[in-house]
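Here's the structure, in structure tokens; my notes come after.
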Amino acid sequence: MVSGHVESLFSAAYDGELSPDARAAFDRHLGECSACAAAFAELTTAVDTLREQPRAQMPHPVRLPEGSPVPGRRWFEVPARLSQGRRLLAGLTAAGLVVAAAAAAVVVVGHLNSGTVVPSSSSAGMSSGVALAPGTAIRAPLPSPQSASLLPEVGLLPVCSPKALPISKAEALEIPTGFPNHATEDNGVSTGVVATQASSFAPGATVDIYARLIDDSSHAVSLPCTVLVGPQSSSSSPGDDFTMAVPTPVAGLTVDGQPLLQVTVPATAVAGETYDILVPAPDAAVILTIQIS
Amino acid sequence: MDDEALLDRCRRGDRDAFTPLVHRYQDELYTMALRLTGNPADAADVVQETFTRAFRSLPRLRGATVRAWLFRVAVNCSHDIHRQRSRRPADPLEDSEGRVLDLPDPGLGPEATVLQRERADAIRIALLALPHDFRVAVVLRDVNQLSYEEMAQALSVPVGTVKSRISRARGLLAAALRQSPAVFPRAEEAW
């Protein structure tokens, strides 16, 4: 039996979401309570009127940007935040991606897929070739487990979870002075910023990279879990190495004193060659392009 | 070809795969944006901006279906554009160049056409009076008929929050329309 008024059930009843027993009790109550019956009829009429409004038509054609939706890039992906002192070597192989810890702590294997490497959504998706040493600080999973159906299986381990920050979006997007190279991407769902203090990128040089991601609806701010680093052209030969490590914190683009990562430019990089550092957000990515000097 | 197959082609850099997605969703998104902003020019801008952003970002989409993600981008665009622009005279039946969009059914008589127009006005005013989150909830559910799960993806909130927002929004909508004789003729007679 339903006692009292039942306004809280109106919406579920309209949608047909009540169980048969609950619906029967709901209907019995309406039969006995004229106030609820009138209120439910009013809500039904209002919602029906909204639903009956005709669909409008986009008045002019949508203009799409020029070019391809995906520039001709090849990516390989590396964990972004590393536990203190850990260093990773990242190398491209002809078959795909190999990221190996220098101390033999971690090996992560992925593959190049349609020009983009995307991470698996859970540790259960790790492919063969992934091995974790006892006590490793590297952790899975990525923040969007429901994305599994859209992602190819790639054995790749992100090393952090996004972390909400108690700062505003404007604060999170602020680029401190002394960061001549930075990029911001706002796709309407999330906004990302990636920046570096470095102004030149010589082969073998170590570069600090900082990044933040802001969810546009919740304004939650987080660090990315992973970054992608790759040459824009396909001229780079397999075996290019990146050395990753935790750099010195820099105020303004850090979280709890933790910066993002360090990238050591491959010693085999050629002056004039361009590389992209891509920080994937949940629905997008922000790209910082660097040119080897 | 379904959305996921088109998305896969977009990821491979196939520009032509994007056009079917535009055709599939532009009117749905435009209707949503029109109900959210109350302004045809703003709604068209929302759709244009949504697909511009999507073109850049869709190949890297993760974590949602294409449809839910497009709605998410469009909701954010609607909020941004509605917030940025000063209020201007809005007429949901005309676009920025004065062309009629919501054509009345030619089979209706003059009286019914007037009534239809009055209902559209009442709905527009009632929706714009709702708080943003509730307006979005009732539009996605009752205009675009998204499922609870699609709305949870599009809004990045739990399904329980979706249901409570819809429930609250419908109650507010009914209250806002209560005095409209076009929607509740008996209210006019009683008056």
Side-chain angles (χ1 to χ4, degrees), chain A residues 7-8 10-12 14-15 17 39 42-47 49-65 67-72 113-116 118-119 121 142-147 149-151 185-189 215-218 278 280-285, chain B residues 4 7-8 10-13 15 18-19 22 26-28 30-31 34 40 43-44 47-53 55-64 69 72-73 76-77 80 92 95-97 99 101-102 119-120 123 138 142-143 153 155-156 163 166-167 170-171 173-174 177-178 183-184:
Chain A
E7 288 97 333
S8 62
F10 282 179
S11 189
Y14 182 90
D15 283 338
E17 289 287 314
E42 181 181 86
L43 181 137
T44 299
T45 299
V47 177
T49 303
L50 174 60
R51 288 186 168 227
E52 289 163 2
Q53 296 302 300
R55 176 193 272 205
Q57 290 184 333
M58 179 67 177
H60 52 72
V62 172
R63 299 173 300 279
L64 294 180
S68 163
V70 181
N113 179 62
S114 304
T116 305
V118 288
S121 59
L142 279 175
S144 301
Q146 69 270 37
S147 64
S149 63
L150 295 177
L151 300 176
E185 170 81 12
D186 182 352
N187 73 341
V189 171
D215 186 290
D216 282 353
S217 54
S218 68
L278 185 150
D283 296 314
Chain B
E4 311 311 331
L7 176 64
D8 192 48
C10 287
R11 285 199 173 115
R12 292 199 296 269
R15 180 187 171 87
F18 204 85
T19 303
V22 173
Q26 61 178 357
D27 290 345
E28 206 175 352
Y30 178 76
T31 304
L34 187 60
V47 175
Q48 176 61 55
E49 180 65 16
T50 296
F51 283 113
T52 298
R53 294 181 186 186
F55 187 79
R56 290 202 311 263
S57 305
L58 196 59
R60 297 189 286 266
L61 166 67
R62 58 185 69 176
W69 183 79
R72 187 176 174 190
V73 176
N76 286 347
C77 287
D80 290 346
D95 69 5
S96 57
E97 296 166 9
R99 288 174 298 201
L101 301 175
D102 289 347
R119 280 182 182 159
I123 288 285
V138 77
D142 291 322
V143 173
Q153 280 190 3
L155 301 176
S156 289
K163 291 179 179 177
I166 294 169
S167 176
R170 285 171 169 169
L173 179 74
L177 292 172
R178 188 173 295 147
V183 180
F184 292 102

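Just so it is clear: chains get the letters A, B, ... in the order the sequence lines come, proteins before strands, and each one is counted from 1. Source: prediction; values computed, not measured.
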ask   = Where is the tightest heavy-atom contact between Q48(B) and R63(A), given as atom of each residue plus distance?
value = NE2-O, 2.6 Å
request  = Examine whether an atom of V183(B) lies under 4.5 Å from a heavy atom of chain A, and if so say whether it belongs to the side chain, the backbone or both; otherwise answer neither.
outcome  = both
key: CG-CG distance between D142(B) and D15(A), expressed to the nearest 0.5 angstrom   = 7.0 Å
request  = Between chain A and each of L177(B), I123(B), T19(B), count heavy-atom pairs under 4.5 Å; write down the option with the most.
outcome  = I123(B)
query = In Å and rounded to the nearest 0.5 Å, what is the CZ to CG distance from R119(B) to L50(A)?
reply = 12.5 Å
ask   = Between F184(B) and A46(A), which heavy-atom pair has the shortest distance, and what is it?
value = CZ-N, 4.2 Å
message = Applying side-chain hydrogen bond (donor to acceptor under 3.5 Å, both in side chains), can you list everything that pairs with S11(A), at least two apart in sequence or on another chain?
response = R170(B)
query = Considering only heavy atoms, which portion of E28(B) lies under 4.5 Å from any heavy atom of chain A: side chain, backbone, both, or neither?
reply = both
query = Atom NE2 of H60(A) and atom OH of Y30(B): how far apart are they, to the nearest 0.5 Å?
reply = 8.0 Å
query = Among D27(B), L34(B), T31(B), whose side-chain contact (heavy atoms from CB on, under 4.5 Å) with M58(A) holds?
reply = D27(B)
